[in-house]
Amino acid sequence: MASKSINLTISIFVLASATLCFSRSSNGGSLSPQFYARSCPQAHQIVHSVVSRVVSREPRMAASLLRLHFHDCFVQGCDASLLLDSGNGIVSEKGAVPNNNSTRGFDVLDEIKSALERACPQTVSCADIIALAARDCTVLAGGPSWDVQLGRRDSRNASFSGANNNIPAPNNTYQTILSTYTRVGLDVVDLVALSGSHTIGNARCTSFRQRLYNQTGNGLQDFTMDQTYVARLRTGCPRSGGDQNLFVMDSITPARFDNNYFKNILSARAMLNSDEVLATQNKVSLGLVRKYAASNEAFFQQFAKSIVKMGNISPLTGSRGEIRRNCRAVNA
Ligand code: HEM
């Protein structure tokens, strides 16, 4: 009897330790929302004031900054590797296919960084600035809020090939897209909820042209798309030329963060192929698309959870990495 209860105690202890270890590592080690409470209490306010000024001038910037968080975290973790310019042995991720002529907002992050360097020199990392800006942008566009985990440090390198290989492309299959998520510890729920970011912002003609003219490779258009929508997109996105022409991704409420993205998918008005496959290639993801289309609240709750999870991908903490003085270059 006594040995049974000792065994039980040991089992509970082992289980509890394992759970603790798992949650520590899946929470990204020592990240915490209070990380700058003593070292730079003004940090949140400084980020917020720049972001809100810029977004009120140009609403699309909310989308552009939110996207940078994704493109940063999927390449060797949330370490601001995306922000490094080429030089001194670094080949910038900015030139990789998913980013080239597409990602934007780097000058806004520079402005935030300069303000933070004046207030609290070499204290707030560029990786944390991206995470805070992404949250502020989402809220400014009408989306959910969350406590941003902080304490990431900045990488001393970038990965051009990582940017090409780890960020999903709009014409990837459902399976390929899902595997880019599972590789970084995210799942189908995160995939569907985070894709809801396409409720704001723009895409270029080149990102979806093949859907209008050549989806099947036989020169035919994609008949799974609403034909009125196709006709509208074709007027600004011709068979050739106009690659950089811009289109809002959610034509119902283009600048508002809401669940219309999911309603669009269900009414065959998904802009990117990667949006449409969520409803056509897998039953679980289709169920989630339906759930979020039916409830803005369910979408918001999951989005907040999933973006915190994304922000925890392989952060550099402790003495790893550095706090860059300039987000575009490693410290000398
Ligand atoms: C499922 C995988 C995803 C794919 C294949 C994908 C692909 C794309 C593409 C092709 C564009 C248009 C880029 C252009 O034409 O210049 C875009 C825009 C955008 N994406 Fe995604 N994306 C994905 C997931 C995400 C996630 C997880 C987020 C955020 C957490 C996000 C946020 C955005 C935003 C906000 C825009 C608009 C940016 C702007 O207007 O500047 N995307 N995405």
Side-chain angles (χ1 to χ4, degrees), residues 54-55 58-75 78 82 94 96-106 108 130-131 133-135 137-138 140-141 143-144 146 163-184 186-211 233 236-237 242-250 254-257 261 265 270-279 281-282 285 288-289 299 302-311 313:
V54 170
V55 169
E58 194 211 347
R60 183 188 169 200
M61 192 50 81
S64 305
L65 291 172
L66 171 59
R67 186 174 183 226
L68 294 185
H69 192 27
F70 167 51
H71 284 215
D72 180 36
C73 292
F74 268 55
V75 182
C78 310
L82 170 62
K94 294 173 188 174
V97 175
N99 297 323
N100 197 24
N101 289 324
S102 181
T103 44
R104 58 201 288 281
F106 299 109
V108 179
I130 305 177
R135 191 270 315 270
C137 285
T138 304
L140 285 164
W146 59 90
N164 275 325
N165 297 326
N166 301 339
I167 299 172
N171 58 354
N172 283 158
T173 62
Y174 172 83
Q175 264 320 317
T176 305
I177 295 171
L178 183 62
S179 65
T180 62
Y181 277 67
T182 52
R183 213 182 295 152
V184 293
L186 302 182
D187 60 21
V188 57
V189 179
D190 304 311
L191 164 63
V192 177
L194 292 173
S195 294
S197 300
H198 293 169
T199 172
I200 54 173
N202 296 352
R204 294 163 304 147
C205 164
T206 187
S207 298
F208 58 85
R209 170 183 287 118
Q210 89 284 1
R211 306 196 67 202
L233 294 176
C237 186
D243 284 13
Q244 309 301 317
N245 292 352
L246 289 174
F247 297 79
V248 296
M249 287 197 283
D250 169 3
R256 188 155 184 86
F257 195 103
Y261 164 81
I265 294 182
M271 168 155 273
L272 305 177
N273 202 54
S274 51
D275 300 323
E276 188 188 86
V277 295
L278 300 178
Q281 289 185 17
N282 182 274
S285 62
L288 291 161
V289 169
F299 166 46
Q302 187 56 52
F303 185 85
K305 280 190 202 157
S306 293
I307 202 155
V308 169
K309 210 169 150 191
M310 184 181 90
I313 300 173

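In listed order, ligands and their atoms are each counted from 1.
Of the candidates Y181, F74, Y174, the one placing a heavy atom closest to atom 27 (C) of ligand 1 is Y181. Closest heavy-atom approach to atom 38 (C) of ligand 1 among the candidates R204, R67, Q244: R67. Here atom 5 (C) of ligand 1 lies nearest to S274 when heavy atoms of S274, A141, P98, S306 are compared. The closest non-hydrogen atom to atom 39 (C) of ligand 1, taken over M61, R60, M249, comes from R60.
Near I177, with a cut-off below 4.0 Å to any heavy atom, the atoms of ligand 1 are 1 (C). Taking every heavy atom of S197 and a limit of under 4.0 angstrom, the matching atoms of ligand 1 come to 28 (C), 29 (C), 30 (C), 31 (C), 32 (C), 35 (C). Atoms of ligand 1 found under 4.0 Å from any heavy atom of P170, numbered from 1 in the order shown, are 5 (C), 10 (C). Every atom of ligand 1 is numbered from 1 in the order shown, and the set under 4.0 Å from a heavy atom of L272 is 7 (C), 8 (C), 9 (C), 10 (C). Taking a cut-off of under 4.0 Å to the non-hydrogen atoms of S102, the atoms of ligand 1 that pass are 13 (C), 14 (C), 16 (O). Close contacts of ligand 1 with G201, meaning ligand atoms under 4.0 Å from a residue heavy atom, involve 37 (C), 40 (O). Proximity to S195 (heavy-atom distance under 4.0 Å) selects the following atoms of ligand 1: 1 (C). Here is the list of ligand 1 atoms found below 4.0 Å of a heavy atom in A169: 5 (C).
By the 4.5 Å heavy-atom criterion applied to side chains, Q244 and C205 are not counted as neighbours. Between L65 and M61, some side-chain heavy-atom pair lies under the 4.5 Å cut-off. At least one side-chain heavy atom of I307 sits less than 4.5 Å from a side-chain heavy atom of L66. Considering only heavy atoms from C-beta on, F208 stays 4.5 Å or farther from N171 through its side chain. At least one side-chain heavy atom of Y261 sits less than 4.5 Å from a side-chain heavy atom of S195. Inter-residue side-chain proximity for I167 and T180 is flagged as unmet; no heavy-atom pair is nearer than 4.5 Å.
At distances below 3.5 Å, at least one donor-acceptor pair connects side-chain atoms of T182 with backbone N or O atoms of S179.
Atom 20 (N) of ligand 1 has H198 NE2, 2.9 Å as its closest protein atom, hydrogens excluded (heavy atom only). Looking only at protein heavy atoms, the nearest one to atom 2 (C) of ligand 1 is P168 CG, 3.4 Å. Taking atom 24 (C) of ligand 1 as the reference point, the nearest protein heavy-atom neighbour is F70 CE2, 3.3 Å. Nearest protein neighbour of atom 35 (C) of ligand 1, counting heavy atoms only, is A63 O, 3.1 Å. Distance from atom 41 (O) of ligand 1 to its nearest protein heavy atom, with residue and atom name: S64 OG, 2.7 Å.
Salt bridge R209/D243: present, at least one basic N to carboxylate O contact under 4.0 Å. With respect to K309 and D187, a salt bridge is recorded, a charged nitrogen being found less than 4.0 Å from a carboxylate O.
In terms of polar-atom proximity, defined here as any N/O pair under 3.5 Å, N202 does make such a contact with ligand 1.
Rounded to the nearest 0.5 angstrom, H69 NE2 and T138 OG1 are separated by 9.0 Å.
Only the side chain of S207 comes within 4.0 Å of ligand 1, judged by heavy-atom distances. Counting heavy atoms closer than 4.0 Å to ligand 1, residue L191 contributes side-chain atoms (C-beta onward) but none from N, CA, C or O.
In this structure, N172 falls outside the shell of residues with a heavy atom less than 4.0 angstrom from ligand 1. The closest approach between H69 and ligand 1 stays at or above 4.0 Å for every heavy atom of the residue.
Relative orientation of the F299 and F257 rings is parallel, given thresholds of 30° and 60° on the angle between their planes.
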Please test H71 against N99 for side-chain hydrogen bond (donor to acceptor under 3.5 Å, both in side chains), starting from the C-alpha separation and ending with a verdict.
CA-CA 8 Å; H71 284 215; N99 297 323; 2.6 Å; yes
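Within a 6.0 Å radius of CZ in R256, no more than 12 heavy atoms belonging to other residues, nucleotides or ligands are found.
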